[in-house]
There are 2 protein chains.
Amino acid sequence: MVKKKQTAKDLNAEEMILAAARKVFMTKGMAGARMQDIADEAGINKALLHYYFKDKEKLFETIFLQEAKKFFPKINSIFNSDDPLFEKFERFATEYIDEMQQNPYLPWFVINEINRDPDQFMYSIWGSNNLPNPSKFLAQIEKEVKKGTIKRISPMHLLMNLLGMTIFPFVAKPMIVRNMQIDELQFRAAMEQRKKEIPKFIIDAILK
Amino acid sequence: MVKKKQTAKDLNAEEMILAAARKVFMTKGMAGARMQDIADEAGINKALLHYYFKDKEKLFETIFLQEAKKFFPKINSIFNSDDPLFEKFERFATEYIDEMQQNPYLPWFVINEINRDPDQFMYSIWGSNNLPNPSKFLAQIEKEVKKGTIKRISPMHLLMNLLGMTIFPFVAKPMIVRNMQIDELQFRAAMEQRKKEIPKFIIDAILK
DNA sequence: ACTTTTGTTAACCATTTGGTTAAACTATAT
DNA sequence: ATATAGTTTAACCAAATGGTTAACAAAAGT
């Protein structure tokens, strides 16, 4: 009795709402998003939003969780793998740039809303367990330093460098695009290049 | 008759409004800021906001312009100077980190609002002249590459690396602080270290 | 067939929010 | 002292916005 039957033309309304909410929240943020905008975008009545999702807060949380799960767990799977250090640089750059190419607002959105209420989102949404955890990665750097294969560098700074070089261009995309006078296509191409540029740059910087 | 006389306790009301507006806008953004919050923060009546500044949009624009002018023109003065390339890396890191230490929300705020309406803010507020212009810096990199003093690297990627490593930790500060389990003081200390770490990292990466 | 459950809407409601008004207060000039 | 111009406030207003209601439509269960 919970089975769903849809008319041919319109797909599942709940999914259409989610897609619309995602689009609106991701571009305008929680505070800037209007429930009416989401309803319009989904092509349905505003009341239906509240039928499927209690209120704006709940709808937002659903979207945020959905998106944050794309953004963070990937860090763990890369950083905690058994891959050699240098491969991790490349995997991180490649996989994150791929994700952000499909979803350019993602880092802005996630950072933005964490900024709004750091404790709520970092802790209360995920359990404290599946938070991004770079400790194995940091230890691995330490080990390589001690082995003498790479120069002495603080693991934390190296991590910040990797994150910054990979993620920043997407966060600042509107600024960069205007300033460097490049178009959408050139931006995409530049980001593709960075999949190789970033690991190369890092390795050049730290290899003895 | 336009002279101002203030009672001892309260300073110029206009300035108090600006300070309050700055604080509220910088932490909540345009959409999240409430005029009442600003009035409360300034300790004055809401109507006074409209007495000094026509409306929310105008007040916001005043603040944004004020802040953006701290953020951008510095780029030009560094990038267009006659300093040698390696010094520019250090000057950029040092001066920007100093600015952001005093004003940690600045990059988030600026990027955020440019994101909201790229054309309005990047073009219509400044004339097209005093926009950040890294062309001399990019040419300088090109020249060093051709001289053979540094490795072959795309100037654009190098610039993005510098910007990302310098600015990103501040944009993502709430995330970083929670994730690396560091407190405010340790964050500050880490950023101080980065003034040297970043130029060192870059030079290690590109010096032949 | 008809009852019940689920999905959807138009109209409405309450609160929030940006903005206005008119009156009061303060300092200065005459 | 009194008029004047500039400053500040309490009270108010209209629009925007999140959310509710009641009626209706479509499916599913019997």
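Naming: A, B, ... by sequence-line order, numbering from 1 per chain. All values below come from the heavy atoms of this structure, side chains included, with hydrogens, waters and symmetry mates left out. Keep in mind the model is a prediction, meaning the values are calculated, not measured.
Rounded to whole Å, the distance from NZ on A:Lys58 to P on D:dG19 is 13 Å. In this entry the distance linking NZ of A:Lys56 with P of C:dT16 reads 14 Å, nearest Å.
Using a 4.0 Å cut-off between a side-chain N of Lys or Arg and a carboxylate O of Asp or Glu, A:Glu41 and A:Lys23 qualify as a salt bridge. In this structure, B:Arg116 pairs ionically with B:Glu113, as a charged nitrogen and a carboxylate oxygen lie closer than 4.0 Å.
Contact check of residues 34-55 of chain A against DNA chain C (heavy atom, cut-off under 4.0 Å) returns A:Ile44, A:Asn45, A:Ala47, A:Leu48, A:Tyr51, A:Tyr52.
For B:Phe64 and B:Phe25, the gap between ring centers reaches or exceeds 6.0 Å.
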Could you please spell out the steps behind the ring-ring contact (aromatic ring centres under 6.0 Å, His included) verdict for B:Phe170 and B:Phe187?
CA-CA 10 Å; B:Phe170 288 91; B:Phe187 182 82; 5.7 Å; yes

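In summary, of the residues considered (A:Asp98, A:Thr94, A:Thr166), a side chain to side chain donor-acceptor pair (under 3.5 Å) with A:Lys195 occurs for A:Asp98 alone.
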